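Here is the structure we will look at, set down as structure tokens.
What's counted below: heavy atoms across the whole structure, side chains too, no hydrogens, waters or symmetry copies. Since the structure is predicted, the reported quantities are computational estimates derived from the model, not experimental observations.
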Amino acid sequence: MTTTARLITPQLVKVNALKIIMAFSILIIANGFANAQGASNKTGLNALITPENSVLLLIDHQPFQFAGLGSHDPQTILNNTIIIAKTAKLFKVPTLLTTVLEERGGYLVKGVQDVFPDQKPLDRTWINAWQDKKVVDWVKKQGRKKVIIAGLWTEICVAMPAIQALSEGYEVFVIADACGGNTKESHDRAMDRMVQAGVIPITAGVLTGELQRDWARTETVPGLAAILAEHGGNVGIAYAWEVQLLNSSQQNKK
């Protein structure tokens with residue numbers, strides 16, 4: 001028997017086997033804890049957006065990008081973007097406006113800029129906004145972990161920062177109906193890619209409801225009603241009708 005063989009005793013094999021089992025057990029527990037933590041971010045009350053836990057990035061709603069928009073009606077995208085911009089302002093959600101190569105791609109469209117008249121959009125050369133240090137520093141400064149993104153185009157200027165932000169511990173929500181791509185296919189595949197990576201897709205209407213949450217929060221009800229009346233489509237029309245009926249009822253009582 002060699003020296004090496006004599007050193008491998010039954011006791012040594014048993015000890016090593018126990019160590020391996022313990023290591024695997026710790027790994028399984030750790031993975032389970034990590035998975036549970038990940039699940040908790042996507043379910044339960046804390047998974048919802050609030051005015052206190054979120055920031056909004058509006059990326060590249062510029063004339064050049066609108067000119068190349070083929071997945072949606074441009075007016076619909078613009079309208080939904082104005083909805084979320086006004087809603088974010090109403091609920092005091094920190095909002096960053098960004099453009100890319102503003103001199104060539106054009107200024108931020110007026111309807112969005114008018115919501116934040118005093119904010120100069122952060123202009124970039126990076127296609128991926130999350131690779132611009134000024135964008136990331138702004139998000140970090142807010143101290144919030146839920147990042148809401150809307151922009152043009154979905155497959156590039158939205159998908160890139162959304163996917164990168166996920167890897168840095170942020171929960172990312174993309175407002176699908178305030179984004180658009182060169183084609184419907186490019187928009188849809190970009191949404192698929194982001195969802196597979198862990199992005200949570202929502203719509204402009206979802207954002208308004210999730211931030212309001214309780215109609216007893218009366219200080220924001222008039223502002224939200226005004227936004228929906230102006231930009232809410234069939235919801236706004238129905239609301240105007242309700243107001244008309246209520247006013248008629250009051251007049252009939254006089």
Task: Those residues that, when tested against Asp123, pass salt bridge (Lys or Arg N to Asp or Glu O under 4.0 Å) (two or more places apart) - done: none
Task: Under the salt bridge (Lys or Arg N to Asp or Glu O under 4.0 Å) test, residues paired with Lys145 that sit two or more places apart - done: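 Here no residue qualifies.
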Can you confirm whether [X] sits close enough to [Y] that some side-chain heavy atom of one is under 4.5 Å from a side-chain heavy atom of the other?
X: Met191; Y: Pro201; value: yes
X: Asp132; Y: Leu122; value: yes
X: Cys157; Y: Ile127; value: yes
X: Leu152; Y: Ile59; value: no
X: Val139; Y: Val147; value: yes
X: Asp177; Y: Ile77; value: no
X: Ile175; Y: Asn80; value: no
X: Val93; Y: Leu211; value: yes

Open item on the list: Taking ring pair (Phe, Tyr, Trp, His ring centres under 6.0 Å) as the cut-off, I'd like each qualifying pair that reaches into residues 82-117, sequence neighbours left out, listed once.
Closed with: none
TODO: Only pairs at least two apart or in different chains count here, so list each ring pair (Phe, Tyr, Trp, His ring centres under 6.0 Å) that has a residue in residues 162-207.
DONE: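 Output for this query lists His72-His187, Trp130-Tyr170.
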Open item on the list: Show me the pairs that pass side-chain hydrogen bond (donor to acceptor under 3.5 Å, both in side chains) and involve residues 205-217, at least two apart or across chains.
Closed with: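 Every side-chain hydrogen bond (donor to acceptor under 3.5 Å, both in side chains) pair that includes a residue of residues 205-217, provided the two are not neighbours, is Gln212-Thr220.
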Task: Where at least one partner belongs to residues 81-97, residue pairs that pass side-chain hydrogen bond (donor to acceptor under 3.5 Å, both in side chains), sequence neighbours excluded - done: His61-Thr81, Lys86-Glu230, Lys86-His231
Treat each ILVMFWY residue as a node, draw an edge where side-chain heavy atoms are under 4.5 Å apart, and state whether [X] and [Y] are in one component.
X: Val172; Y: Val206; result: no
X: Val109; Y: Ile149; result: no
X: Met160; Y: Val158; result: no
X: Ile82; Y: Phe66; result: yes
X: Trp153; Y: Leu97; result: yes

Between the side chain of [X] and the main-chain N/O of [Y], is any donor-acceptor distance below 3.5 Å?
X: Thr183; Y: Ser186; answer: yes
X: Glu155; Y: Asn182; answer: yes
X: Glu242; Y: Ala238; answer: no
X: Ser71; Y: Gly181; answer: yes
X: Thr154; Y: Gly180; answer: yes

Heavy atoms only: give me the nearest [X]-[Y] pair and the separation to one decimal.
X: Ile84; Y: Ala150; value: CD1-CB, 3.6 Å
X: Ala88; Y: Leu56; value: CB-CD2, 3.7 Å
X: Leu58; Y: Ala85; value: CD1-CB, 4.0 Å
X: Ala162; Y: Val174; value: CB-CG2, 4.2 Å

More than 12 heavy atoms from other groups under 6.0 Å of [atom1] on [X]:
X: Glu219; atom1: CD; answer: yes
X: Arg193; atom1: CZ; answer: no
X: Trp138; atom1: CH2; answer: yes

Which residues end up grouped with [X] if you chain together Ile, Leu, Val, Met, Phe, Trp and Tyr wherever their side-chain heavy atoms are less than 4.5 Å apart?
X: Leu245; answer: Trp241
X: Val243; answer: Tyr239
X: Leu101; answer: Val100

Task: Approximate separation, where rounding is to 0.5 Å, of Leu108 CG and Gln119 CD - done: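 Leu108 atom CG to Gln119 atom CD measures 9.0 Å (nearest 0.5 Å).
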Task: Pairwise distance NZ(Lys134) to CG(Leu96) - rounded to 0.5 angstrom - done: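 Reported to 0.5 Å precision, the distance equals 10.5 Å.
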Open item on the list: Run the side-chain contact (heavy atoms from CB on, under 4.5 Å) test against Asn53 and tell me which residues pass, sequence neighbours left out.
Closed with: Ile49, Thr50, Lys146
Task: Pairs involving residues 135-144, ordered by first then second residue, that meet salt bridge (charged side-chain N to carboxylate O under 4.0 Å, His left out) (sequence neighbours left out) - done: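 Of all non-adjacent pairs touching residues 135-144, those that pass salt bridge (charged side-chain N to carboxylate O under 4.0 Å, His left out) are Lys133-Asp137.
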Task: Of all pairs that satisfy salt bridge (charged side-chain N to carboxylate O under 4.0 Å, His left out), the ones with a partner from residues 47-70, not counting sequence neighbours - done: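 Every salt bridge (charged side-chain N to carboxylate O under 4.0 Å, His left out) pair that includes a residue of residues 47-70, provided the two are not neighbours, is Asp60-Arg124.
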TODO: Kindly determine whether Lys120 and Glu102 satisfy side chain to side chain contact (heavy atoms under 4.5 Å, CB included), including the steps that lead there.
DONE: CA-CA 11 Å; Lys120 176 71 173 74; Glu102 181 184 76; 3.2 Å; yes
- [ ] Run the numbers on Lys184 and Asp188 for side chain to side chain contact (heavy atoms under 4.5 Å, CB included), then give the verdict.
- [x] CA-CA 6 Å; Lys184 184 177 185 303; Asp188 290 347; 2.6 Å; yes
